Amino acid sequence: MRVFWAMLVGVGLTCGGCAEQPVPEAAGEGQAAAAPNASPETAAEELTQAPETPAAETKSDAAPTAETAGKTIPLSAENTEIQFVCAHVGEKPDPRKGHFSTLTGKATVDGDALAAIEIEIDAASLTTEIDKLTDHLKSPDFFDVRKHPKATFKSTSIEKGESGQVKVTGDLTLLGTTKSISFPATVDLVNGLSLKAEFKVDRTEFGMNYGADKVEKLVDLTVTVSK
Amino acid sequence: MPFTLADLAYGFAAPAGAAAVVFVLVRRLWPGDGLRFAGSVALAAGFWTGYWLLQLGALIPGSHWEWIGYAALLSLTVGPTACAAGVSSLERTLPYVLISLFSAVLLAPQWDDLSPSPTVHIVVWTGLAVVVMTLLEPLSARWGGSFLAAVYGVVAMTGSAVLMLAGSMRFAQILGCAVGALFGLFVVCLLDGRRPRLIGVAATFTILVAGMLLIGRVQSFSDVPLASYILPVIAPATLWLGAVRPIASLTGWGRTAAACFTPLLLCVVAVGVAVVAEFAG
């Protein structure tokens, strides 16, 4: 019995030093989680797919108006929509659409060009067309909103192209993992800022890897900023 | 999101096989005292087999729910030990309190906005786990191993269904690994002519089932009510009704069926209430 109690005390002392301590993301973990079966060229291509730009949207050759030039434009759910679409693996993809209803941020215009963009998303504000799907996406299976209540994007460079096209590069932080992404966008700075970007993100690169054999890894993102 | 063949193989068949093999090996290689450890070690081994094969969580816990496997391992130091000869009821309860309290601290999240508070969750869960463990362990002397494994398996399956309805397939699969392990124990106990008993399993079983339901409850955004999380935990303890007349006066399959009725009823109610909460209205 003494041995029994000694073991018990030993277990208690050992365990008493333990506490729930979040383990910091290993430096190489997020970086190593590249999209499987995808060459770097393919991945870059997926992240920078440029949608065909209808003629009606090509307005940005015109100079930004005085109210837009050299200005910081606040972003919120009132003028910004971030929508995602993800499909199931297999013969019945059954794509599911959702969006985030709470976000804040700002876009900075320098001269006649969009200079920077920052967005902070309330992950728990995600909404889909199906309540149970919304609950599932908020769970640790996907967005784990209790542990990671915020997702952020902060641009590091915005390269101006022709006809209102820009290439935005920046750091996307999702599930506590930060990775640099690039995507094309169409920008119009006449009488305010409008922006539209469509691109794909590999969710598994950010540690959202549950059900990779059931739900596609690539998620379609559409960011729309309206005047 | 249906389960694939890989899910069933890794998440059910593999845990079942691992639990069965470990159970047989421990009993064969460590006769005597090893009989107290075989069931719990096999259950933990089967659970970890599925958890690892399906990569259901990080091996180094980064979230509160990733401690569930380690809490189950720690229970191995208590459950079988508390069943040793010469251990009084008080001496058996104190280690149950210790392991339950420690598991609760690991498994309950420390969110500021958790309601009720983390402390309340820890205290209530500890109390519930201690009561259930204390009631379950003596049942191993009254019921055969295959029967007990079957009841535990149904309870774990109920918990898994509740977790799925509550909005997490991952948590449902994690508890599903325990279902597989218990199925393996059921088969091996059924086939063993010596009719082995599941001694020392109560602590590990309770921590796995009650632990995952605690995790599922705090993480859920669904309308699944509290009753659905609690009823499966207390269901197996109602097997004690089998020791009360008139059930105790029955014999054979009649007694078995009568004793099973209440636990199964509670499991059905747990799932039914969850289904109604999620799909009705």
Side-chain angles (χ1 to χ4, degrees), chain A residues 1 3-26 29 86-90 92 94 96 124 126-127 130-149 175-177 204 207-215, chain B residues 1-4 6-7 54-58 60-67 70-71 74 77-78 81-82 84 86-88 91 94-95 98-99 101-103 105-111 113-114 118 163-173 215-216 218-224 278-279:
Chain A
M1 284 313 299
V3 173
F4 167 74
W5 283 107
M7 283 174 57
L8 205 59
V9 170
V11 168
L13 288 173
T14 305
C15 298
C18 300
E20 182 184 337
Q21 293 181 3
V23 177
E25 289 278 350
E29 187 178 313
C86 197
H88 294 93
V89 172
K92 291 181 65 177
D94 234 356
R96 301 298 187 194
L126 79 88
T127 309
I130 303 169
D131 289 342
K132 285 195 66 60
L133 175 62
T134 301
D135 292 342
H136 191 192
L137 292 177
K138 289 180 180 179
S139 77
D141 293 7
F142 294 99
F143 284 91
D144 200 0
V145 300
R146 294 241 191 232
K147 185 178 179 184
H148 303 286
L175 295 184
T177 298
T204 63
M208 194 184 294
N209 51 16
Y210 180 73
D213 56 339
K214 303 179 191 66
V215 179
Chain B
M1 188 190 294
F3 291 117
T4 63
D7 293 332
L54 287 176
Q55 297 181 23
L56 292 170
I60 300 175
S63 297
H64 66 103
W65 56 270
E66 289 171 322
W67 285 100
Y70 294 98
L74 282 168
T77 63
V78 168
T81 310
V87 176
S88 68
E91 289 170 334
L94 285 177
L98 251 182
I99 194 64
L101 179 61
F102 183 66
S103 298
V105 169
L106 287 179
L107 301 177
Q110 296 298 313
W111 307 322
D113 62 345
L114 184 64
L163 292 172
M164 186 164 57
L165 291 165
S168 176
M169 300 297 289
R170 184 199 298 263
F171 294 157
Q173 279 191 288
I215 290 165
V218 299
Q219 286 278 4
S220 177
F221 293 90
S222 73
D223 295 323
V224 172
E278 283 296 285
F279 294 102

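Every value quoted in this text rests on a predicted model; they were computed, and no experiment measured them. Letters A, B, ... are given to chains in the order of the sequence lines, protein chains preceding strands, and every chain is numbered from 1.
Only the side chain of B:Leu56 comes within less than 4.5 Å of a heavy atom in chain A; its backbone stays farther off. Contacts between A:Lys138 and chain B at a heavy-atom distance below 4.5 Å involve backbone atoms as well as side-chain atoms. A:Val89 does not touch chain B: none of its heavy atoms, backbone or side chain, sits under 4.5 Å away. For B:Glu66, no part lies under 4.5 angstrom from a heavy atom of chain A.
Between the side chains of A:Thr134 and A:Asp131, not a single donor N or O lies within less than 3.5 Å of an accepting N or O.
B:Ser220 places a side-chain N or O within 3.5 Å of a backbone atom of B:Ala166 that can act as its donor or acceptor partner.
Here the CG-CD distance, from A:Asp135 to B:Glu278, works out to 6.5 Å after rounding to the nearest 0.5 Å.
Residues satisfying the ring pair (Phe, Tyr, Trp, His ring centres under 6.0 Å) test with B:Phe221, not counting sequence neighbours, are none.
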